[in-house]
Amino acid sequence: FFDKVVFFKVSKVFKVFKIFKQKYKPCICIIQESKLRPGTPTPFFKGYGTFRSDRTITKAGGGFLSLIRDSLIFEKIHEGINEGTEAQTFRVRLTKNKWITITNVYCAPINSKGHVINDLVMTDQIPAVESSVIGGDFNAHCALWDEIQSTDDRGEALVDWMLNNNLEVLNNGEPTRSNPDTGNGSSPDVSFCGSRWKGKVEWKIVEAIGSSDHLPILTTVHKKRAPGMTWFRLPLFIWAQYATSLMMILGTPVVAITLLLVALENAFGIGIFNPELGGDPILFQHLFWFYSHPAVYIMIVPGFGVISE
C-alpha cells in the first residue's frame, strides 16, 4: 500500500493536474505558483478536496494549492509567510492513530523585490515532526542535494536545521530545475522526511508537464511497514515474493511474443522459426528457454521463502 505525493510548480493548474492524475494517480498533490488571487473561485478537481493559500503580499504570482483525495481525512495546521519563507502545512490520517504531516514550502530568492527577504530560511514556519514530509522550492544549495551549484549560507543553515530536527533529505542528486536559457540543471527544490518515514520513502523526478522550468517530484511513502522495517530488514519470504514477481514480469512477455510469432508463421507463412520457410529454429529455442528456465524458479522460490522463515 502506498501514498503518492507529487510536488510541482505550475501555471495552468487544471490542465496540468488532469494529465498528472491520469498518469500517476497521486493521493496528494502539492502545487506551487497556483496564481489564484483572493476573491477568485477555487477550481473544482473531481475526486479531490482542496487546501488553498493565496499569496497576498505581492500582486502577481505565487500561491499554494494542495489537492487531497476525497477518501482521505485531512486537517489544516498552518499557513503563512515570514520574511520570504512561505509555508502551508496539513496532516492526513492514515490509520486511527497515525497521521502524515505534509508541508509545502517556498523561499523567495535573496534578490527578490516587493517584500522583505531574509538570507536564511525562516524555519519557524515549517513544523518538523517525526511524521513530516516537507518539500518545496527553498532556493538553497548544498552538496547534499545539489552537486552542481556551490553551497550557500541558506543551504548550510538548512542542513543544520535538518540535523537538529532529526530529518532526512530525500533528494538523490538529480536536478530539479532546468534553466530555460542555458539548459543547465540545478536543485533548488528540496524534500525532507521525519524519522517515522526514514527508509520508507522513494523520491524521484518525473517527466515535465507544462511550462514550468521546475520538474515535478514524486514521493512514494510506504506506509504499511512497521517502524524500522527498512528494505534490508524485510523477511526472506517477502524477498522471495519480490524475486518471483520480477521473474514473471521479465519472462512472461517473452513467451507471449513467441506464441504470437508462431501464430503469425502458421497463419501467413512468414519464415521466423521454420527452416523450410527461411526461419531459425534455434531462435525459438532461445526464446522458449528465456521464459521456461525462470519458470522453474517461479514455482520453487516461494517455497524456498516459506522454508527460510
What's the spacing between Asn172 CG and Ile205 CD1 if we round to 0.5 Å? 7.0 Å
Determine, step by step, whether Phe90 and Ile68 satisfy the side-chain contact (heavy atoms from CB on, under 4.5 Å) criterion, reporting the C-alpha distance in whole Å, the side-chain angles of both residues, the deciding distance to 0.1 Å, and the verdict. CA-CA 10 Å; Phe90 60 95; Ile68 303 98; 3.7 Å; yes
Backbone N/O of Lys98 and side chain of Arg196: donor-acceptor pair under 3.5 Å: no
Determine whether Lys198 and Glu168 satisfy the following criterion, salt bridge (charged side-chain N to carboxylate O under 4.0 Å, His left out), listing intermediate values before the conclusion. CA-CA 7 Å; Lys198 288 184 178 181; Glu168 181 178 77; 5.4 Å; no
Within the distance-only criterion (no hydrogens, no angle test), does the side chain of Trp197 pair as donor or acceptor with the backbone N or O of Ile100 below 3.5 angstrom? no
So do the side chains of His141 and Pro188 get within less than 4.5 Å of each other, counting heavy atoms only? yes
side-chain contact (heavy atoms from CB on, under 4.5 Å) between Ile30 and Ile28, intermediate numbers included: CA-CA 7 Å; Ile30 310 300; Ile28 302 165; 3.6 Å; yes
If hydrophobic clusters are built by linking Ile, Leu, Val, Met, Phe, Trp and Tyr wherever their side-chain heavy atoms come under 4.5 Å apart, do Met122 and Met162 end up in the same one? no
Are more than 12 heavy atoms from other residues, nucleotides or ligands located less than 6.0 Å from atom CD of Glu147? no
is_close_aromatic(Phe192, Trp161), centroid dist under 6.0 Å: yes
Are the side chain of Arg154 and the backbone N or O of Phe138 linked by a donor-acceptor pair below 3.5 Å? yes
Decide whether Leu94 and Val133 are clustered together by the hydrophobic rule: side chain heavy atoms of Ile, Leu, Val, Met, Phe, Trp, Tyr closer than 4.5 Å, transitively. yes
Is a donor from one side chain sitting under 3.5 angstrom from an acceptor on the other, for Gln88 and Ser66? yes
In terms of heavy-atom contacts, Cys142 and Thr151 come closest through CA-OG1, 3.6 Å
Could you check Trp203 against Ser191 for side-chain hydrogen bond (donor to acceptor under 3.5 Å, both in side chains), going step by step and ending with a plain yes or no? CA-CA 8 Å; Trp203 184 98; Ser191 302; 3.0 Å; yes
If the plane angle is over 60° it's perpendicular, under 30° parallel, otherwise tilted; pick one for Tyr242 and Trp239. tilted
Heavy-atom donor-acceptor pair, Gln32 side chain to Val105 backbone, under 3.5 Å: yes
Transitively linked via ILVMFWY side-chain contacts under 4.5 Å: Ile257 with Phe290? yes
Do Glu174 side-chain atoms and Lys204 backbone N/O form a donor-acceptor pair below 3.5 Å? no
Would you check if the side chain of Arg93 reaches a backbone N or O of Thr95 as a donor-acceptor pair within less than 3.5 Å? yes
Between Pro127 and Thr89, the two heavy atoms sitting closest are CD-OG1, 3.3 Å
Output yes when a side-chain donor or acceptor of Asn171 lies under 3.5 Å from a complementary backbone atom of Asp189, and no otherwise. yes
Is it true that Phe268 and Phe284 fall in one hydrophobic cluster, defined by side-chain heavy atoms closer than 4.5 Å? yes
Gln125 side chain near Glu86 side chain, heavy-atom distance below 4.5 Å: no
Side chains of Glu79 and Ser53, donor plus acceptor under 3.5 Å: yes
Quick check against the 3.5 Å criterion: does Asp70 have a side-chain atom that pairs as donor or acceptor with the backbone of Gly49? yes
What's the separation between atom CG in Asp54 and atom CZ in Arg37, rounded to the nearest 0.5 Å? 7.0 Å
Hydrogens and angles aside, do Ser131 and Thr101 bring a side-chain donor and acceptor to less than 3.5 Å of each other? yes
Quick one: closest heavy-atom pair of Asp146 and Ser187, and the distance? OD2-N, 3.0 Å
Heavy-atom side-chain contact between Leu72 and Cys27 under 4.5 Å: yes
Given Tyr48, Phe45, Phe74, the one that forms side-chain contact (heavy atoms from CB on, under 4.5 Å) with Arg69: Tyr48
Taking Ile282's backbone N and O only, do any of them form a donor-acceptor pair with Asp280's side chain (distance below 3.5 Å, no angle check)? yes
Kindly indicate whether the side chain of Leu144, heavy atoms from C-beta on, has any atom under 4.5 Å from the side chain of Val159. yes
Pro281 and Phe273, any side-chain heavy atoms less than 4.5 Å apart: no
Closest non-hydrogen atoms of Leu287 and Leu261, given as atom of the first, atom of the second and distance, are CD1-CD1, 4.5 Å
Any chance you could measure Lys76, atom NZ, to Phe51, atom CZ, to the nearest 0.5 Å? 5.5 Å
Min side-chain heavy-atom separation Thr40-Arg52 under 4.5 Å: yes
To the closest 0.5 Å, what do you measure between CD1 (Ile110) and CG (Asp152)? 6.5 Å
Heavy-atom closest pair, residues Cys107 and Asn139: O-ND2, 2.7 Å
Count the heavy atoms of every other residue, nucleotide or ligand shown that sit under 6.0 Å from OH of Tyr297, and state whether that count exceeds 12. no
How far apart are the C-alpha atoms of Leu65 and Leu36, what are their side-chain angles, what is the distance that settles it, and do they pass the side-chain contact (heavy atoms from CB on, under 4.5 Å) test? CA-CA 9 Å; Leu65 183 64; Leu36 299 174; 4.3 Å; yes
Rounded to the nearest 0.5 Å, how far does CG of Asn165 lie from OG of Ser195? 10.5 Å
Do you reckon Val201 sits in the same ILVMFWY cluster as Leu215, going by side-chain contacts under 4.5 Å, direct or chained? yes
Rounded to the nearest 0.5 Å, the OH atom of Tyr106 sits from the OG1 atom of Thr85 at a distance of 10.5 Å
Can you tell if the side chain of Phe288 reaches within under 4.5 Å of the side chain of Leu283, non-hydrogen atoms only? no
Stepwise, does the side-chain contact (heavy atoms from CB on, under 4.5 Å) test hold for Phe64 with Ile31? CA-CA 6 Å; Phe64 292 151; Ile31 300 169; over 6 Å; no
What closest approach, in Å, do Ile298 and Met248 show between heavy atoms, and which atom pair accounts for it? CD1-CG, 3.6 Å
Do Phe237 and Val306 have side-chain heavy atoms sitting under 4.5 Å apart? yes
